[in-house]
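For reference, the structure is listed below as structure tokens.
These numbers were taken from a predicted model, which means no experiment stands behind them. So that the names make sense, note that chain A is the first sequence line, chain B the second, and so on, each numbered from 1.
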Amino acid sequence: MSTEFIKVTINGKDFQVPKGARLIDVCRENSFDIPSFCYYADLALQASCRMCLVRIEKMPKLQTSCTITCTDGMIVTTQSEEIEKAQRAMMEFLLANHPLDCPVCDRGGECELQEMTFDWGGLEERFTERKNYQPEKYLSPMVANDPQRCILCKRCTRVCDEWMGEDAIEAGGRGAGTVIGTYLGWLDCSQCGNCIEVCPTGTLLDATYRHQARPWELTQTVSTCTYCSDGCQMSLGSRGGELMRVVARDRYVNGLNGEFLCIKGRFGHPFVNHEARIRTPLIRYKKGGKLIPATWDEAIAHVALKLDEIADKHGRNTIGIVASPRLTNESLYTLRKFATELVGTDNYAGGDAFSLKPFFASLAGKLATHRDIRYAKTILLIGGEPEELQPLTGKQVRQAVRNGGAMLIVANSVPIRLTEQASQFIHLRRGTEDAIALALLGTDNDSLIVKKAGIDQKELDSLRQAIAETKGDLVVMFGGELSADAQAMLGHLPHLLTSSDMRVLLHPLPLFNNSVGAHDMGWDEGAMTASQMLDAAGDEIRAMYVAGSFLPAHLKDREDALGRLEFLVVQELFETKTSAYADVILPAASFAEIDGTFTNNDGFVQRVRQSIPPVHQAKPDWVITAQLASKLGVDFGFNQSAPAVFREIAARVPAYSELRYPLLKDETHPVQVKHSLAEQRDTLEWKAGLRTVLEDFNPQAEKIAGTPEVGHELFKIGTLTDKVPQFHLLAAGNPRPETVRISPLYQITLDADLRRETAIVGD
Amino acid sequence: MFIGAVGCKPLQLARVHLENSRSLEVYRRHGGYEALNTVLTSMSPDDVINEVKKSALRGRGGAGFPTGMKWSFVPKDSPKPKYVVCNADESEPGTFKDRYLMERDPHMLVEGMLIAAFALGAKTNFIYTRGEYKYLIDIMDQALDEARRAGLLGQKILNSDFSCEIYTHTGAGAYICGEETALLSSLEGFRGHPRMKPPFPAVSGLYACPTVVNNVETLTAVPDIIKMGGEAYQKLGTEKSGGTKLWSVSGHVNRPGVYELPMGYDDMEKFIMEDCQGMRDGKALKAVIPGGSSVYIIRADQILGKDVRMDYEGLVAGGSMVGSGGFIVMDETVDVFESTQNLTEFYKHESCGWCTPCREGTDWLVKVFKRISSGGGVPEDAQLMLDLCDNIEGKSFCPLGDAAAWPIQSAIKRFPEDFKKHLTNGQQ
Amino acid sequence: MSQQLTQIQPLSQPVDIADEIAAFSPAVEAEIDRHLAKYPVARSAILPLMFIVQRERGYLDPGGVRYLAKRLRLRYTDIWEVATFYSMIQTKPVGRYHIQICKTLSCKIMGEGKITEHVCQRLGIKPGETTADGKFTVSLVECLGSCGTAPMFQVNFDYHENLTPERVDKILDSLV
Ligand SMILES: Cc1cc2nc3c(=O)[nH]c(=O)nc-3n(C[C@H](O)[C@H](O)[C@H](O)COP(=O)(O)O)c2cc1C
Ligand code: SF4
Ligand code: FES
């Protein structure tokens, strides 16, 4: 928006507003209330609800303020008898065929239609005719639908199209027979549920939470999502120690994601209160024996004793410590301190899919925030698949292109869905993602790149041209396919490309909610990686302490590694492949039960807040670590207080210096940590490294042809999503049940592993 | 059914009675494509637009917007392709003139479109015809083929530097697609919802490119304007609306049909009683809807002896509008309550459903009409209906909402007795 | 409720559509290509193509929807939203002869009622219904642009105007 200001008169008062401002926004910012349903910032204008009518001098008829761009000298009236009559009339029309069944509607209490009706007051019901009837139904395991309550504001169809690029839900029929729906009534999509979120009425509803609670019974706690590295802000709705639902409604929370969440954030929470949570500490006193419930004191004492023993017998470095990138900064920090200062081992590692160390070591500029992405001019995405792995980033990229006119260049071995938005798609051979990093360093290796990556010289030329012509922000994103050298090189790009016309911003795409935090807390600095430790199990590594679990990728082809350990401690929520070998299992608290922070891929440190007390005997990971430390004779001095841990982080980790919880209070203004920036250095070494990688590359490798199906990553069953029965239906291909009038969970059995009681938890 | 001119020489209808009038040969023999030749050999695009401006031609689709002015809104320097789209969606109840123009004289439309395309720099053009007029699409396709073979369409037309294509396109049963922005949505392959204005189609229309949408009758007037000159054309009509206008006459007259009248024809009573040969079966005139279903209905006593002039200003003075010229004549046997119910059902069926007042309002109104007609009416219903109409009028997204409200408002005000009769039913 | 659990085959698509995609003769494919060639954007051809599918298959059936989605590179839902907007696109089977009687004002006041009654009586069905042999469907439709020659109906795409019960008989006889 321009910085030029113009004068607008609203209800007799003069205002200076930026040229090009939208009238409805200007009115609202200046506390003139304008009712609306269809208007939704940053979505295509709809102007169909006709609620936002105002009178503008010199214009015939009332005008919809959502469609009006302010012009200099405009004189506007937002309140008058004429306007109120019109707005009341629109309400009356909207309510005519509405069933008025608020008492049984899940949205009752947080429904915009209901609130507007109460605000207006004094509506007499003149409509005495029969209402148009349409039955309630399910559109998918996640989405329930009561078409009669619909006011056709089409926010749902617009977010589906503009945010998600899926266009799975649409308006069908015509006139009074218009309904929101899909072909044959079954919703085949990524099941993000954003249509539910933006629905102002009770038309689209969370099918996993139907008739479970009324909104006013829920305690709302603002927190951060525990799935991917985007760090969406969400409101956890709990009742009586149970986490009932997760929403991002702007009445409760206003984070970087707005009202956006993906399927995991919105529907992936039932693991929290799942019956399979580990209830007490468990000790296996003898290898091959059974796990026996124990008290915390017993378990801590047992672990302390064993670790001491092994350190004495084999040396401190034979104790390996691994931390999952899902833990909070507080837990990661405490465990790292425990590893280095107390156990004194060199062998500690983060359990992430790839290390961010090379990237951060050469980092030469700011990390792109999600807002930066939305307003970028050019976006280069190398590898990765944000629409499945970092869905908020995917949405921001899509909107940058669709609503912001940004240019998107995708370089990938798979034609991922985002290529639909791309102005250029460089289809690489699998494994040659590094080639693009090399290409950004100069033209001297083009023939090698062209040959090995299987692309055309023209594609490189037009990539370079697009970057050269960028006026504004260039955002470079990359996935874990890139080698360490390539990541290091990309981290250095701001030094290489920044010009007076162009700022270079970087956006790594790690997989986990606290991958960046794990790096910041020093988990990339150990002597071995998690995989190396597994390979050394029973040899250089005799005991392991694992907070969280290994990723399937770590355990692949190393199934028996854990069995070779003398002693294994696992902190977990559930029994996993890792805990199967554990000698001691310590029940950890989930994200909903603790206070702490996560650091996302923007570098934002965001608060995790306790919504419910820890279930059973679970404890926050860092509390467990601190208790173990004190058993071993060292008091970390945290006094059971997460803020105290964070104060120490701020004191010891430079990027976090001076941060405090109170500064992180407002999710609307997240705080970016100050990663240190590297001095400009020579790129020859990287270049050589990248060239070697490419030269060694076997050009037989394929390019993958088909665009992957929506949900191929999102619906994968992991330890947490395994506890949500609906995910199993989706993973099985989202079969349409015999009738859509009854919850699909009642009609379809899940795979044999899942017990029946859990199968009907959703209802 | 009568087809012909009254009060002037036939212009648009000059060839409709000729044998083989559809053929290129007959069209050419009677002066066809001469205007195109003139344009291509001796006129600039601006000359053409100026001539059309001088002609005071107003759009015949219903809104009556000055055509020359509309054409001049198309940005000349835009690098985007430009489009001329002919609106042959003719679905306004009571209107059937475009149908006969295309059926009898398709080349006149082709020539008109070519001249418009030349004036606006359009290379690809479409004729959007309602799906029910399938046979007309076939006729137009034939005519276009014929023209193509004769070098009148395609590359280097008449050996000039002007190249241009025209294609037919079919609607599929939606009145709203006659509204120009809805038509463009439909032509792009979407649901036929109207779009926001501004931007106007002249700036951002089909595929977000500059586009002019004109009615069939508007475009078919263009060759004559070029041939006789804008001024001469204007003189056929009035100062503000030049030329002749087609009226589709239906209902209880002895001779329904398509009548070509000069703009400003005097007067409506004469037109009904003499030109249309009076009322059928000697019944008395009760009401006329002069401009298609969307305009105000007028009472016989607003016409008889009132000297209503048949042009834009004259009809407004007479209590209605020219609209699309769909002239529906009703005799004393018609119950205006019922006729209004019939039209309201039409608007409910055709409301696209985009905006609240039109979607819900027309649905509600039909329910009220149905309740009343099945004996459940109460006197307050008249006020209720007027209030609902008031709540739709001026608040809807596109003019269809207004079009649904006007017939009801005028009917209740002008034929209160017909309504009263039904509204007291419930109390007896 | 848990007793009601039934095991059904997981499908990635709704159970009631078969996998079939409509297939057409080379002549029809060529016709479709001609339509596609007219437009700078393929989606524009959606209505003309729907009419072709309808002509060839009786109505826009699931196989036809799949065909259009593939041909126009659209989602099924895109086809659905468009098809259900337009009253001439049939998403359910209709009779071989679709008799569409205009019921709007000019036809109404010129005797549409008698014609409808006559047609329905002869065929033994009500408006909106199809005869048991699948031969005739009767619908009441809005203005067809034949007001000057009212009353009228359209049988498929053919106009029949200035109708009287006698003419209706003749027309129907010619179709039987
Ligand atoms: C609801 C509605 C229906 C319309 N239907 C038609 C129509 O069937 N044919 C037509 O030519 N114009 C129709 N119009 C008018 C068009 O919007 C537009 O004004 C016209 O095509 C412009 O052409 P003209 O300037 O040549 O009249 C309709 C307008 C509205 C609001
Ligand atoms: S007034 Fe509204 S609902 Fe009616 S046709 Fe226009 S946009 Fe559609
Ligand atoms: S908010 Fe303006 S019309 Fe709905």
Q: Go through the steps for B/Y135 and C/F157 under the test ring pair (Phe, Tyr, Trp, His ring centres under 6.0 Å), then give the verdict.
A: CA-CA 7 Å; B/Y135 83 103; C/F157 285 113; over 10 Å; no
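Contact record, B/G173 with C/M88: N-SD, 3.6 Å, taken as the closest heavy-atom pair. B/C177 and C/Y86 make their closest contact through SG-CE2, 3.7 Å (heavy atoms, listed as atom of the first residue, atom of the second, distance). Listed here is the closest heavy atom pair of B/S91 and C/C143: O-CB, 4.3 Å. For C/I109 against B/G251, the heavy-atom pair with the smallest separation is CD1-CA, 4.0 Å. Closest approach of C/S44 and B/H169 over heavy atoms only: O-CE1, 3.2 Å. Among all heavy-atom pairs drawn from B/F126 and C/P40, the shortest one is CZ-CD, 4.5 Å.
Ranked by non-hydrogen atom pairs under 4.5 Å with chain B, the options C/C147, C/A42, C/G145 are led by C/C147. Among B/E92, B/H349, B/K134, B/E90, the residue with the largest count of heavy-atom pairs under 4.5 Å with chain C is B/K134. Ranked by heavy-atom pairs under 4.5 Å with chain B, the first of C/T84, C/V41, C/L105 is C/L105. The choice from B/G171, B/G192, B/S293 that makes the most heavy-atom pairs within less than 4.5 Å of chain C is B/G192.
Between the side chain of C/Q154 and the backbone N or O of B/E132, at least one donor-acceptor pair lies under 3.5 Å. Counting only distance, with no hydrogens or angles, the side chain of B/R191 and the backbone of C/V82 share no donor-acceptor pair below 3.5 Å. B/S250 places no side-chain N or O within 3.5 Å of a backbone atom of C/S106 that could act as its donor or acceptor partner.
Between C/L144 and B/R130 the shortest side-chain heavy-atom distance falls below 4.5 Å. Side-chain contact between C/F85 and B/C352 is present, with at least one heavy-atom pair separated by less than 4.5 Å. Taking the side chain as every heavy atom from C-beta outward, B/R280 and C/M110 approach each other to under 4.5 Å.
Rounding to the nearest 0.5 angstrom, the gap separating the CG atom in C/L47 from the OG1 atom in B/T170 is 7.0 Å. One distance of note links OG1 of C/T104 with CD of B/E345; it measures 9.5 Å at 0.5 Å rounding.
A cation-pi arrangement, defined by a distance under 6.0 Å to the six-membered ring centre and an angle within 45 degrees of its axis, is present between B/R99 and C/Y159.
Identified by a heavy-atom distance below 4.5 Å to chain C, the contributing residues of residues 324-333 of chain B are B/I328, B/V329, B/M330, in residue-number order. Residues from residues 28-39 of chain C that place a non-hydrogen atom less than 4.5 Å from a non-hydrogen atom of chain B comprise C/K38, C/Y39, given in numerical order.
Of the two parts of B/S186, the backbone and the side chain both hold a non-hydrogen atom closer than 4.5 Å to a non-hydrogen atom of chain C. Proximity to chain C is limited to the backbone of B/V249, based on heavy atoms less than 4.5 angstrom apart. B/L206 does not touch chain C: none of its heavy atoms, backbone or side chain, sits under 4.5 Å away. At a 4.5 Å heavy-atom cutoff, C/Q100 makes no contact with chain B through either its backbone or its side chain. With a threshold of 4.5 angstrom between heavy atoms, B/S339 approaches chain C through its backbone and through its side chain.
For residues 79-102 of chain B, every residue pair satisfying the ring pair (Phe, Tyr, Trp, His ring centres under 6.0 Å) rule, not counting sequence neighbours, is listed here: B/Y83-B/Y207. The stretch residues 134-159 of chain C participates, sequence neighbours left out, in these salt bridge (charged side-chain N to carboxylate O under 4.0 Å, His left out) pairs: C/K103-C/E142.
Counting heavy-atom neighbours within 6.0 Å of B/Q277 CD, excluding the residue itself, gives a total above 12.
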